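No hydrogens, no waters, no symmetry mates; every other heavy atom, side chains included, goes into these values. Treat the numbers as computed from the prediction; the structure is a model and nothing was measured.
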Amino acid sequence: MPDISSRELSIEAARQKLGFEKDECLEEGLSKWRKVEIRLYWMAKSATSSAAKASFERDLAELRVLINAVEAELAKKKISQVVPVQRQGPPPAKVSKKRKGGFVIFALIFGMLGGGGYYAYKEGLLELRSRQKDKVNLENLQGDFGVSIEKRRWSEAQNFIKLLKEAGATEVVIQESLAEIEKGRNEEKGQQIAFLISNAQSAQEAGQLPEAEIFCQEVEKLQPGHPIVPSIRESIRKSRLEVRRKLIVGEIEKAMEAEEWEIAKSQLAMLRKADPAFNQISSIEVTLKTAEEEAIKRKEKAAVLVAKVRSLDEGTYSAEVIALLEEAVRLDPSEDNRALYKQMASYGKMVKVPEDHETISAALKVAKKNDRVFVSKGLYHESLIIPHGVQIIGESRVDTIIECPADIGAVITVPADVSDVRVVSLTLRHSGLVNDDERSPVVAVDGGSIEGEDLLVVRASGHGIAVLNGGKATLSLCKIADSGWDGISVTGEESSADLSRVTCEKNLHHGVDFWDGASGSIKSSLLIGNGRNGLFAIDPSAAISVQTTRSEKNREVGFYFSGVNGVSIVDCHVHENFLGGILFDQGSKAVSLKGNKITKNGEAGLVFEMGVEVVSENENEVEENTGKQIWRDAVFPTSSGEDTVSPPPPPPPPLKGEESD
């Protein structure tokens, strides 16, 4: 409400602000505004924040100014109608709290003081008592008593009882008046309780459990043993239990992911104690036991491989030994196994940076096929073209960083006719930002082939990794994040990428993109939080395989296949993607799905456009998706143009400063 001054407020302004019609009776309209006054009072009293309390109190004060202005006008009208009479005959009949009698002296005092309340009334009380009792108009006293009842001014009403007795009211009138006070108090108490009950229920439903408990306590103060309070408290208890249950389950999942089995078991015991009736305890226990057993088996297999590797270790580089050790690291990526792998991968002819050469570019110029360039920890500002058959091995993925400006080109380029390139344990990234229509990737596999392992590719101006013009990429244990376009873009009929245990996260467009005839496979990977689809494949020239991969929380669809001819999706989990789970359109054929979970996606879970050919669809769980779970024979509007971003052209040569090395 705007600020209102009671001294400047006219009756016309008060009528307008309270919404009275021109000819509407003021007395009849005041009743609803007195109820609003009571509700504002209790809202102010029960407010949980100082800002809300101040707002309610301000509105209450301004409403009272408006009500008092109208009541003052009514009081003036009543005074003008009063004709003082001597008391004759029996006293008038009792007037109920809704009777509109005149105010006489109390109304005059009320009008002069603007409804000043009990203390203003008390000052006039002496004057009332000083008058002759036979001049007091009993009817007016009863009317004023009725007004005090309507306004719920109980102390004032009690004082009017005294005046009625002094004025000669009968005992029947006195008792009925006392009964009206008691009835009004009970009604007010009932309204307060109903308001508090409503607040308690609303707070519980909103998850504001401490506030809900406070409202229950307020109800019990007014009415101990209220029948609704136990049910509200039971709902509060269940809500608290649900919150605690979710927290414990989250800790169990976190411990399982980290293979911290004792912590997971401890949390499971805590869950069983907190909520023994929880119906998922048994399934969690089975999942935990199975995961631990599988981890033990993997570690045992890895230990056998490591033992064999050590028996074959002659201090020289061996492709056979490295292949065995790679499998051991896949099964058990412990620090010891990774350290052993890095040690044995460095066997043979090795060029060290910066010990032997200050820059990586200089080391590559002298490296031959099967040579390894070992790069120590540090930040290297270079743009590299990798020669045939050379490996680049970083000392640490976190601390060995190669970076170049985004407007220079790619950090690493593998040109056509270059193969057997291997890059391990590095962070590769752009510096700066280019917003042109053509941007360079961080890694450009431009017709050549590369094997990347344990790489962190971040902050690409364009794609994180671009495989084009017939290029081939095999990636494992890599993470590609925060790219300006796709995380991994594979384009062209002869281009392919095979991904294992790769994470594509928070890239501006797709996590992985196969298009214009490109194909590949994805296994045991994570596609999460990308700006468009987790995986987007359009018109691949060969079949695409996706296994044991999780795609979640992408802004569009988890997996999107358009015009594919052969796709196998096995044991994948597609979860909480904004526009849908898995979608097939434009005549996709030879589609096979088995053992997948498609849950809690927006719009629809599994979508087949009209004409899609499904050859097998077994043991898939499609549930809790918004809208349709499985939508068959869907019809989509025709696309007006290309829906992908063209890859950038091949990058320019390395930085000028490196050509002289």
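Put simply, the side chain of Asn554 gets close to the backbone of Leu527: a donor and an acceptor are under 3.5 Å apart. Asn533 places a side-chain N or O within 3.5 Å of a backbone atom of Val557 that can act as its donor or acceptor partner. Side chain of Ser588 to main chain of Gly563: a donor-acceptor pair is present (N/O by atom type, distance under 3.5 Å, no hydrogens or angles). In terms of modelled atom types and a separation under 3.5 Å, the side chain of His463 and the main chain of Asp486 share a donor-acceptor contact. Using modelled atom types, no side-chain atom of Ser524 and backbone atom of Arg501 make a donor-acceptor pair closer than 3.5 Å. Between the side chain of Glu382 and the backbone N or O of Ile360, at least one donor-acceptor pair lies under 3.5 Å. Distance alone, capped at 3.5 Å, places no donor-acceptor pair between the Asn596 side chain and the His573 backbone. Checking side-chain atoms of Lys523 against main-chain N and O of Val502 turns up no donor-acceptor pair under 3.5 Å.
Residues satisfying the side chain to side chain contact (heavy atoms under 4.5 Å, CB included) test with Phe278, not counting sequence neighbours, are Arg245, Val249, Leu271, Asp275, Gln280, Ile281, Ile284.
At a cut-off of 3.5 Å, with distance as the only test, no side-chain donor of Asp513 or Ser489 sits close to an acceptor on the other residue. In summary, the side chains of Ser592 and Ser568 do not present any donor paired with an acceptor at a separation below 3.5 Å, with no hydrogens or angles considered.
Within a 6.0 Å radius of CD in Glu234, more than 12 heavy atoms belonging to other residues, nucleotides or ligands are found. Atom CD of Glu494 has 12 or fewer neighbouring heavy atoms from other residues, nucleotides or ligands inside a 6.0 Å radius. Atom CD of Glu293 is surrounded by more than 12 heavy atoms from other residues, nucleotides or ligands within 6.0 Å. Around the NZ atom of Lys479, the shell of radius 6.0 Å holds no more than 12 heavy atoms that belong to other residues, nucleotides or ligands. Sparse packing is recorded around CZ of Arg310, with 12 or fewer heavy atoms of other residues, nucleotides or ligands lying under 6.0 Å away. In this structure, Arg272 places its CZ atom where more than 12 heavy-atom neighbours from other residues, nucleotides or ligands lie under 6.0 Å away.
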**Prompt:** Which is it for Arg532 and Glu556 under the salt bridge (Lys or Arg N to Asp or Glu O under 4.0 Å) test, yes or no, and what are the steps along the way?
**Reply:** CA-CA 5 Å; Arg532 300 191 67 182; Glu556 294 186 2; 3.3 Å; yes
**Message:** Please determine whether salt bridge (Lys or Arg N to Asp or Glu O under 4.0 Å) holds for the pair Glu259 and Arg298, giving the CA-CA distance in whole Å, both sets of side-chain angles, and the decisive distance to 0.1 Å.
**Reply:** CA-CA 12 Å; Glu259 297 189 355; Arg298 289 198 305 271; 2.8 Å; yes
**Request:** Please assess Glu242 against Lys246 for the test salt bridge (Lys or Arg N to Asp or Glu O under 4.0 Å), listing each intermediate value before the final yes or no.
**Result:** CA-CA 6 Å; Glu242 182 180 0; Lys246 287 181 178 180; 3.5 Å; yes
**Request:** Determine, stepwise, if the pair Thr474 / Asp498 fulfils side chain to side chain donor-acceptor pair (under 3.5 Å).
**Result:** CA-CA 5 Å; Thr474 301; Asp498 297 300; 4.5 Å; no
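Pairing each heavy atom of Asn601 with each of Gly580, the nearest pair is CB-C, 3.7 Å. Nearest heavy-atom pair across Thr599 and Asn625 is C-OD1, 3.3 Å.
Between Phe608 and Phe584, the angle of the ring planes stays under 30°, which puts this pair in the parallel group of the 30/60° scheme. Taking the six-membered ring where tryptophan is involved, the planes of Phe561 and Phe559 are perpendicular, since the angle between them exceeds 60° and thus also 30°.
For residues 613-629, every residue pair satisfying the salt bridge (charged side-chain N to carboxylate O under 4.0 Å, His left out) rule, not counting sequence neighbours, is listed here: Glu617-Arg632.
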